[in-house]
2 protein chains.
Amino acid sequence: MSLIVQKFGGSSVANAERVFNVADIVTKTYAKGNDVIVVVSAQGDTTDDLIAKAHEINPNASRREMDMLLTTGEQISASLMAMAIEKLGYPVVSLLGWQAGFHTSTAYGSARIKRITPDRIKKELDKKNIIVVTGFQGINHYDDMTTLGRGGSDTSAVAIAAAMNADLCQIYTDVEGVFTADPRKIKNAKKLDVISYDEMLELASLGAQVLNNRSVEMAKRYGIELEVLSSMTKKPGTIVKEATKVEKMLISGVAKDEDVARVSIIGVPDRPGLAFKIFSKIGAKNINIDIILQSVGRNGTKDITFTVHRADLKETIAILDPYVELIGATSVVYDEDVAKVSIVGAGMETHSGTAASMFEALYAADINIHMISTSEIKISVLIDRADTDKAVAAIHNRFFGEGRDND
Amino acid sequence: MSLIVQKFGGSSVANAERVFNVADIVTKTYAKGNDVIVVVSAQGDTTDDLIAKAHEINPNASRREMDMLLTTGEQISASLMAMAIEKLGYPVVSLLGWQAGFHTSTAYGSARIKRITPDRIKKELDKKNIIVVTGFQGINHYDDMTTLGRGGSDTSAVAIAAAMNADLCQIYTDVEGVFTADPRKIKNAKKLDVISYDEMLELASLGAQVLNNRSVEMAKRYGIELEVLSSMTKKPGTIVKEATKVEKMLISGVAKDEDVARVSIIGVPDRPGLAFKIFSKIGAKNINIDIILQSVGRNGTKDITFTVHRADLKETIAILDPYVELIGATSVVYDEDVAKVSIVGAGMETHSGTAASMFEALYAADINIHMISTSEIKISVLIDRADTDKAVAAIHNRFFGEGRDND
């Protein structure tokens, strides 16, 4: 007998039929003798509908009242799920975030889970109840409702799995698992049976929107084995676990991120500490800087180039513009029409030549590389955004196609 | 400075425009220097929509899960109301039943308020916040959501008014107050400025659906002054308070109840205790018996006639049918085509001739009286249902028309 946490996203519970589809998965897991904790998101478009309702009344509503409103979405979803499980004849109880013991920070709209006190959950498991918990929410030390922000339900599921020392945490979604590339774009993309936490983290942060990063980080920290799988096809998905337990492939996948922009500060005087000052100015505004390149310019000056999220570009320029003159640089230029394409794989640590294979594939496809960044398990290149899909296809084909380099 | 509780029903908060109409009433009350606690119901048809959603999944869902679902209706309503008040620039906080300290019995779907611990409410009032509380709900000793059953939001409002020793509890509804008869039916029906708790209780139980009985009983017990008024017209409504403070009118109003049925047990042997046994059988099923008439039948037997809610008729007959033979009675007959018309007034205690005036009015209108029941402040008659409106008009005209008997 195992304790299994199963998380279902909004599309998996969008209507009565899908609620029963999930109830079927849950009760079959329970009928095999497992303890089951189910974490649900709000149904389909419920959250968006609630936000629209709020904006009709007050587009600048406080985050506290927004959370008071939005937490109803998961409450509706959880109670309906419990009713479906009752209908199938199984013992069940639905619990709100605070009833399940989710204590969070006070940051309404983007709260972090501080601790879980699972007394009630333990009591209900002792009664052999299936437990349905509202994802995405908790309670802060004012006893007020909070929501966890983006991907919150994944985090809820992993957190409760960690608090209860669960044997497995299954994240049901609308894809069958983690693929070597986006299967909607790349025809011969392959589903991975297994991937390490670190690879998953790189893939998630590189724009392969399968699992929320916070949830993978938490799973890694507490050693919770994750499975990403589809609630529709009911096939085994992709297991995410410790690298030592993963048979290393050279690379696990190709990811793209079209949501980037490149910024260059031209003619920065060659004084120690200037780059640090520039980046700390930007970091102070919570803007993440990614690939950084520093090149020698004219007259003993340097050009500093880096990438940011496209959404942060305007603010980045606003920070730099007055500062540029102050430090005696020449100008700031930027380019929004770029994208980042990356390969991720724990195997590349021990294989040389991976980067060369990647660059060769791009060269053969006539794609120009603007910037390069590497880590132990990742190689990223910045290219023109128009070339993105072509680049992913070329690289994927090189590593996963016929006569592939991957093994 | 006073503490005022204001309760708004579902139709008063049905859409964004009406939410702002209510926010306007609330903030004007606050701007006059009052502390304000607002109690809201779910918007418009929300509760019915949620029930439909539940029935689609499981028509026999547990009451616990139904309450988990239904409490979201008031939560949505309360948070939107708070957002509207924020928009108008006033300090506000919304609180769920449990946050406001509503502790109830465990009877999901029809819980009773056991106690209110208003610590949080006091804290928010100290901060000069307007407080919006979800009506109709609380928490039981399992820490589970409960709903209060019919008219629950009125009861929530009076209970919080009692717990906080409020100066006034205003029940906003879609009528302008308590009338001498149903103003949609009787043209010259008059709005009462004031009425006693007891008269209000009789009127409520007699089918004048303005205030929920439990809320009036609670207001009477704790001496909370109520005002029934319209959220649309913004005119003064009807004050409900202690009889000693009410200038007595002979009668306060005419009410009808078309939701009754008459049952007769024919030929009951004249043995002591038989009537008690019959009524205790029925009472055990939580069926309320109203007017009772006992008449002498043939051969030393009696006929016992009484009225029940029409909805309870079928069950009443099912209880009596096997029992009739057992006690040696002849048969059970019933009549669904009846109605009860009543006059209520604290003044009739000290005026003789009120009943005579009422019967005379019915006689003049050619209406036959089947049964009569009286209390100190009420006279009810059972008549054919087809005569109901004619009877109400005739009686109302007698007491409130030109050359009226009422004074």
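Proteins come first, then strands; the chains are lettered A, B, ... in the order of their sequence lines, and each starts at number 1.
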Participant: Select one option (side chain, backbone, both, neither) describing which atoms of Lys53(B) are under 4.5 Å from chain A's heavy atoms.
Facilitator: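 Lys53(B) touches chain A through backbone and side-chain heavy atoms alike.
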
Participant: Would you check if Leu80(A) and Glu65(B) make a side-chain contact, meaning some heavy-atom pair closer than 4.5 Å?
Facilitator: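 No - every pair of side-chain heavy atoms lies 4.5 Å or more apart.
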
Participant: At a heavy-atom distance under 4.5 Å, which candidate from Val132(B), Thr72(B), Leu70(B) has the highest pair count against chain A?
Facilitator: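 When all of Val132(B), Thr72(B), Leu70(B) are compared, Thr72(B) has the most.
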
Participant: Between Gln43(B) and chain A, with a heavy-atom cut-off of 4.5 Å, which part of the residue counts as in contact: side chain, backbone, both or neither?
Facilitator: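 The side chain, not the backbone.
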
Participant: Using modelled atom types and a 3.5 Å cut-off, is there a donor and acceptor pairing between side-chain atoms of Glu56(B) and backbone atoms of Ala16(A)?
Facilitator: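 Absent.
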
Participant: Side chain, backbone, both or neither: which part of Gln99(B) has a heavy atom under 4.5 Å from chain A?
Facilitator: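 For Gln99(B), side-chain heavy atoms alone lie under 4.5 Å from chain A.
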
Participant: Would you check if the side chain of Gln75(B) reaches a backbone N or O of Leu69(A) as a donor-acceptor pair within less than 3.5 Å?
Facilitator: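 Not a single qualifying donor-acceptor pair exists.
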
Participant: Pick whichever of Met83(A), Lys87(A), Glu17(A), Met66(A) has the most heavy-atom pairs under 4.5 Å with chain B.
Facilitator: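 Sorted descending by pairs with chain B, the first entry is Met83(A).
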
Participant: When only pairs under 4.5 Å are counted, which of Asn60(A), Thr71(A), Asp144(A), Leu50(A) shares the most heavy-atom pairs with chain B?
Facilitator: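 Heavy-atom pair counts peak at Asp144(A).
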
Participant: Is chain B contacted by the side chain of Val93(A), its backbone, both, or neither, given a heavy-atom distance below 4.5 Å?
Facilitator: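 Contact with chain B involves both backbone and side-chain atoms of Val93(A).
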
Participant: Write down the atom of Arg64(A), the atom of Ser94(B), and the distance for their closest heavy-atom approach.
Facilitator: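 Closest approach of Arg64(A) to Ser94(B): NH2-O, 2.9 Å.
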
Participant: Name the option with the most non-hydrogen atom pairs under 4.5 Å to chain B; the candidates are Ala54(A), Ser77(A), Ala78(A).
Facilitator: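 If we count pairs closer than 4.5 Å to chain B, Ala54(A) comes out on top.
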
Participant: Heavy-atom distances under 4.5 Å only: say whether Ile139(B) touches chain A with side chain, backbone, both or neither.
Facilitator: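 Just the side chain, heavy atoms under 4.5 Å.
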
Participant: For the residue pair Asp143(B) and Arg120(A), what are the closest heavy atoms and their distance?
Facilitator: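 In this case the closest contact between Asp143(B) and Arg120(A) is O-NH1, 4.0 Å.
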
Participant: Other residues, nucleotides and ligands only: do more than 12 of their heavy atoms fall within 6.0 Å of NZ on Lys234(A)?
Facilitator: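 Counting other residues, nucleotides and ligands, NZ of Lys234(A) exceeds 12 neighbours.
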
Participant: What part of Leu96(B) gets closer than 4.5 Å to chain A, counting heavy atoms only: side chain, backbone, both or neither?
Facilitator: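 Looking at Leu96(B), backbone and side chain both touch chain A.
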
Participant: What option among Ala84(A), Ala23(A), Ser62(A), Gly73(A) has the most heavy-atom pairs under 4.5 Å with chain B?
Facilitator: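 Looking at each option in turn, the highest pair count goes to Ser62(A).
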
Participant: Is it the case that over 12 heavy atoms from other parts of the model lie below 6.0 angstrom from the NZ atom of Lys128(A)?
Facilitator: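 Yes - once you tally the heavy atoms of other residues, nucleotides and ligands closer than 6.0 Å, there are more than 12.
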
